[in-house]
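First comes the structure, then the notes that go with it.
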Amino acid sequence: MQDLESYLLSKEDKGVSSTELRHFGKQAAVRYVQNETPLNDSIAEFAKEAGLNLEQIKRVAEYANNDTFVTMF
């Protein structure tokens, strides 16, 4: 099994829209708030399913962190 860092560095841009990235972030936040699923677990799952590259994953993490913060505070 390829380690996560190697996987991320090997990905090319798949043309995922900013709307889709925002959706992944929202879904990760919902999973965290409702089920206490760690954001990293959800984001890693979405990244693998959608073939996201490192920059796209950073955006999803940013969206997830912001949505989680707004929901909790």
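Here the structure is a predicted model, which means the values were calculated and not measured. Just so you know, residue 1 is the first one in the sequence shown, and it goes up from there.
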| query | Do V70 and V33 belong to the same hydrophobic cluster, where Ile, Leu, Val, Met, Phe, Trp and Tyr are linked whenever their side-chain heavy atoms lie under 4.5 Å apart, directly or via other members? | reply |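 Result: no, two separate clusters.
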
| message | Checking the side chain of N35 only, and the main-chain atoms of T37 only, is there a donor and an acceptor separated by less than 3.5 Å? | response |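 Flag not set: sc N35 to bb T37 has no pair under 3.5 Å.
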
| Under the salt bridge (Lys or Arg N to Asp or Glu O under 4.0 Å) test, which residues partner E20, sequence neighbours left out? |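 Not a single residue meets the salt bridge (Lys or Arg N to Asp or Glu O under 4.0 Å) criterion with E20.
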
| Who are the side-chain contact (heavy atoms from CB on, under 4.5 Å) partners of T19, not counting sequence neighbours? |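 Counting only residues at least two positions away or on another chain, T19 forms a side-chain contact (heavy atoms from CB on, under 4.5 Å) with S17.
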
| task | Not counting sequence neighbours, which residues clear side-chain contact (heavy atoms from CB on, under 4.5 Å) with A28? List them please. | result |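 Expected list: L39, S42, I43, F46, A64.
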
| request: Name all pairs fulfilling the salt bridge (charged side-chain N to carboxylate O under 4.0 Å, His left out) condition that reach into residues 29-44, sequence neighbours left out, sorted by first residue then second. | output: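 Applying salt bridge (charged side-chain N to carboxylate O under 4.0 Å, His left out) to every pair that reaches into residues 29-44, excluding sequence neighbours, yields R31-E45.
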
| said: Applying side chain to side chain donor-acceptor pair (under 3.5 Å) as the test, list every pair that has at least one member in residues 63-73; sequence neighbours left out. | reply: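 Matches after skipping sequence neighbours: R22-D67.
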
| task | Decide, yes or no, whether a salt bridge links K58 with E62 under the criterion of side-chain N to carboxylate O below 4.0 Å. | result |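 Result for this pair is no, no salt bridge flagged.
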
| So do Q56 and F24 actually touch side chain to side chain, heavy atoms under 4.5 Å? |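 The answer is no; the side chains never approach within 4.5 Å.
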
